[in-house]
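One structure is given here, and the rest of the page talks about it.
Quick caveat: nothing in here was measured; it's all calculated off a predicted structure.
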Amino acid sequence: MLEKFNKPYNSKEVEEKIYKSWEDSGYFNPDNLPFSKTKNQKPKTFSIIMPPPNANGSLHLGHALAIGLEDVIIRYKRMRGFKTLWIPGADHAGFETQIVYDKVIEKEGRNRFEIPREKLFQEILDFTNKNKKIMESQVRRLGASCDWKREKFTLDSDIISKTQDAFIDLYQKGMIYRGTRLVHWCPKHQTGFSDLEIDHEERRDSLYYIKYGSIIVATVRPETIFGDTAVAVNPKDKRYKSLIGKEIEVDVVISKLKLKIIADKIVDPQFGTGAVKITPAHDFNDYETWQRHKNEIDGPREVINKYGKMDLVRHFPESIEAKKYEGLKVLEARKLIVEDLVKKGLMEKIDETYQHNIARCYKCNTAIEPKLMSQWFVKMEPLAKPAINAVKAGKIKFIPERFKKIYFHWLKNIRDWNISRQIVWGIQIPAWQCQDCSFWIINKSNPIKCPQCGSGKVEQDKDVFDTWFSSGQWPPLTLGYPDGADYKNFYPTDVMETGWDILFFWVARMIMLGLYRTKKIPFKYVYLHGLVRDQFKQKMSKSKGNVINPIDMVEKYGSDALRMALIIGNTPGTDSAFSEEKIRGYRNFANKIWQASRFVLINLENFDFKSKPKLSAADKKKLNELVKIKKDISKLMESFKFYAASEKIYHYFWHVFCDKIIEEIKPHLIGKDEQSKRSAQYVLSEILKESVKILHPFMPFITEEIYQSLPNKEKELLMIENY
RNA sequence: GCGUCUUUAGCUCAGUGGUAGAGCGUUUGCAUGACACGCAAAAGGUCGCAGGUUCGAUCCCUGCAAGACGCACCA
């Protein structure tokens, strides 16, 4: 019976078997939990929706931390008698997966833009389904006690359908509109983005002072002069006051442009020359300036195409010089136009020390081109207000609290959300356009005929939703909103546990869309864990070669050790330094638990549990101390201080129980005094059982394995013991 | 520009208005009847700097410095 304890703890021999016994027991499903069936009164429920890992690859340490923390919470609540539900999921991760797959097909010498839509979608679906299985098996290896029967994928048919419903509902209420406006466009990935997918990089560039007729303008993008439609000055600027409203003729090398001088507050008289060229097609501020002066000046003239190349000939067909620039990449064109301007004597000066920020694609670092596009936008202000109020009123609490401020700041300055993406991997937008009269029909199925002009030429929008538009509705959708039983029983959920890096991408949007759709908050607590970094606090990345694969660590040291290493000393919201050393330390702890259990079990072999022995004063004290420790730890668990709770039980088990209590008790075990021996045995058995319970949420595998050997166990599984 | 965080032992981090804590690491001893993935000891800190509040500050307030980060952005 106890032979297995004769060698060091071997996680490999235990974990798979234990996980299977949990899964087979059915207790991951709250409906099967024994204590939830008994009473007439409504059972206490507790629910967490797992942030669905991307189904395009393997788990990283961030996932391991998240799953570890969520499992800690779930197991603790389950043992506390809650009807506990944890729903696992998988995210199709639209754009992210698209580019992962781009790399796959690039290696094969193919290009996604040449593959028919349906074929490409099917290929990515096959690829994702394969990876999804790997991801799921990894979640199991981490010990997640989630209900696999309720698992949801963001491309399940009901999720797709309900996501489209949300779009239609928002559209009907005037919260979504089709707008032609400038969007962040990545010339490499050939898609537009929302504001969040953009990184800014500080750079030193040249600031060119160019003669525009009688005045001089300063710009970093001389290649856009072909798209200019005005020059703006500050209305209070005395230097230009007399010129406002006048037209100047500007030599832009390939042609002459007549530009009106307009007055606008946006112009800072202190910067450059105080005169700004206005290029509404290629600059966000210029676009807005044009909006304010629509009646006075021409609108956007696009001189850069979607590939980031010059597109001039169609605007200047009679210009021979235009051909010279045609098709050049922006930076090549810039070099050339600068040369030509200098040659023509139009370059006043070049300031090469100008520091500014430029927008980059967050994925490939390609310079973002503001591009004029017709897209679907969500009006954010009406969604943001209730989301702000829910947090202000304390209905949703952030852990740590300071993220509230960051959240408020973002929501108060929010801009409309571009949800159109020009990729195939995602949920297609349920919008159809009449090819004859351009009328839009918002409908899940093909409307066949245009209701406006009767034309039969109706085509669905090729674009798909920003992946966060669907995952933003994740809590209600996974629970079967609007009429599912789980939605009734488990919504609002209790905790949303995720990384602070997706506070805006995901958490804020879940709150906004959740409130909008269900009129209820989607969750009560937001627990934001920090990012896991390497031992030097550097971000882990493939290029730096400092990535630690969590599953390798599970193989080497066991899931329990990995979980402890991730959770101990990791305070919410603070990035943590992580190293293999740390895991080794907790592997050692696992063995310590193993050996201590062995010692206790050996000494319990002839112990009669039927009658409780009379306890010595010292032994009573030990048990009282344990009660206090347990109380302290529960308090820490309830206040989300898992980093402290785990450390406390670690310290108690090793340095109190093993170092002090066992050593003190040894003489009683081998002594002749039968009563004090029985007292000692009882104390050992009690402390071991309680310790294993307290440790279980953190180190579920080894504790379950030991529990199965306890002569005084009361339940079939430790997992459903009473905490 | 607006904002957030950090600064405590060699490293990574907890923490408290009343003479400083953990883990790892280091040093020394130890094959002790659970465990060398171990045991027993030990060394190691003006709690970033300067003021203030207080009987008392590592903790509260102000300023400064260094570092990390978020948001926005002027050509």
Does W654(A) make a side-chain N or O approach to OP1 or OP2 of C39(B) shorter than 4.0 Å?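 Indeed, a polar side-chain atom of W654(A) lies that close.
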If you write RNA chain B from 5' to 3' in dot-bracket form, with Watson-Crick or G-U pairs under 3.5 Å, [ ] for crossing pairs and | for pairs with another strand, what do you get? (((((((..((((....[..)))).(((((.......))))).....(((((..]....))))))))))))....
[X] side chain: which of [options] is closest?
X       : options                : answer
H651(A) : C71(B), A22(B), C69(B) : A22(B)
N357(A) : A22(B), C37(B), C73(B) : C73(B)
E663(A) : C37(B), A34(B), C13(B) : A34(B)

Looking at every strand, decide which applies to [X] at a 4.0 Å heavy-atom threshold: base, sugar-phosphate, or nothing.
X       : result
H356(A) : sugar-phosphate
D659(A) : sugar-phosphate
R598(A) : sugar-phosphate
L207(A) : nothing
N570(A) : nothing
H282(A) : nothing
Y650(A) : sugar-phosphate
T571(A) : sugar-phosphate
A577(A) : sugar-phosphate
R415(A) : sugar-phosphate

Identify, with sequence neighbours excluded, every residue that meets side-chain hydrogen bond (donor to acceptor under 3.5 Å, both in side chains) alongside D340(A).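 For D340(A) the side-chain hydrogen bond (donor to acceptor under 3.5 Å, both in side chains) partners, ignoring immediate neighbours, are K324(A), Y325(A).
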Residues forming a side-chain hydrogen bond (donor to acceptor under 3.5 Å, both in side chains) with S541(A), sequence neighbours excluded: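 With neighbours one apart ignored, the set is S543(A).
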For residues [X] and [Y], determine if any side-chain heavy atom of one lies less than 4.5 Å from a side-chain heavy atom of the other.
X       : Y       : answer
F657(A) : V600(A) : yes
L601(A) : R598(A) : no
E369(A) : I304(A) : yes
Y643(A) : I568(A) : no
L669(A) : F599(A) : yes

Between the protein and nucleotides 25-32 of chain B, which nitrogen or oxygen pairs come in under 3.5 angstrom?
none

Run the ring-centre check on Y407(A) versus F403(A) and record whether the distance is less than 6.0 Å.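 No; F403(A) has its ring centre 6.0 Å or more from that of Y407(A).
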State whether the number of non-hydrogen atoms from other residues, nucleotides or ligands found under 6.0 Å of K385(A) atom NZ is greater than 12.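 It does not: K385(A) NZ has 12 such atoms or fewer within range.
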For C35(B), does the base pair up with any side-chain atom of N591(A) as donor and acceptor (N or O, under 3.5 Å, distance only)?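 Absent.
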Polar pair under 3.5 Å, donor/acceptor by atom type, side chain K592(A), base C37(B):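 When only heavy-atom distances are counted, K592(A) does not reach the base of C37(B) through any donor-acceptor pair under 3.5 Å.
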So which protein N/O to nucleotides 3-5 of chain B N/O distances come out below 3.5 Å?
unit_1, atom_1, unit_2, atom_2, d
U4(B), OP1, K405(A), NZ, 3.2

CD1 on I649(A) to CZ on F589(A), rounded to 0.5 Å: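 Reported value, rounded in 0.5 Å steps: 7.0 Å.
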Assess R509(A) against W417(A): is NZ or CZ under 6.0 Å from the centre of the six-membered ring, and within 45 degrees of the ring's axis?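 The answer is yes, since R509(A) meets both limits relative to W417(A).
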According to the ring-ring contact (aromatic ring centres under 6.0 Å, His included) rule, which pairs have a member within residues 556-582 of chain A, sequence neighbours left out?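 Passing the test, one end in residues 556-582 of chain A: no pairs.
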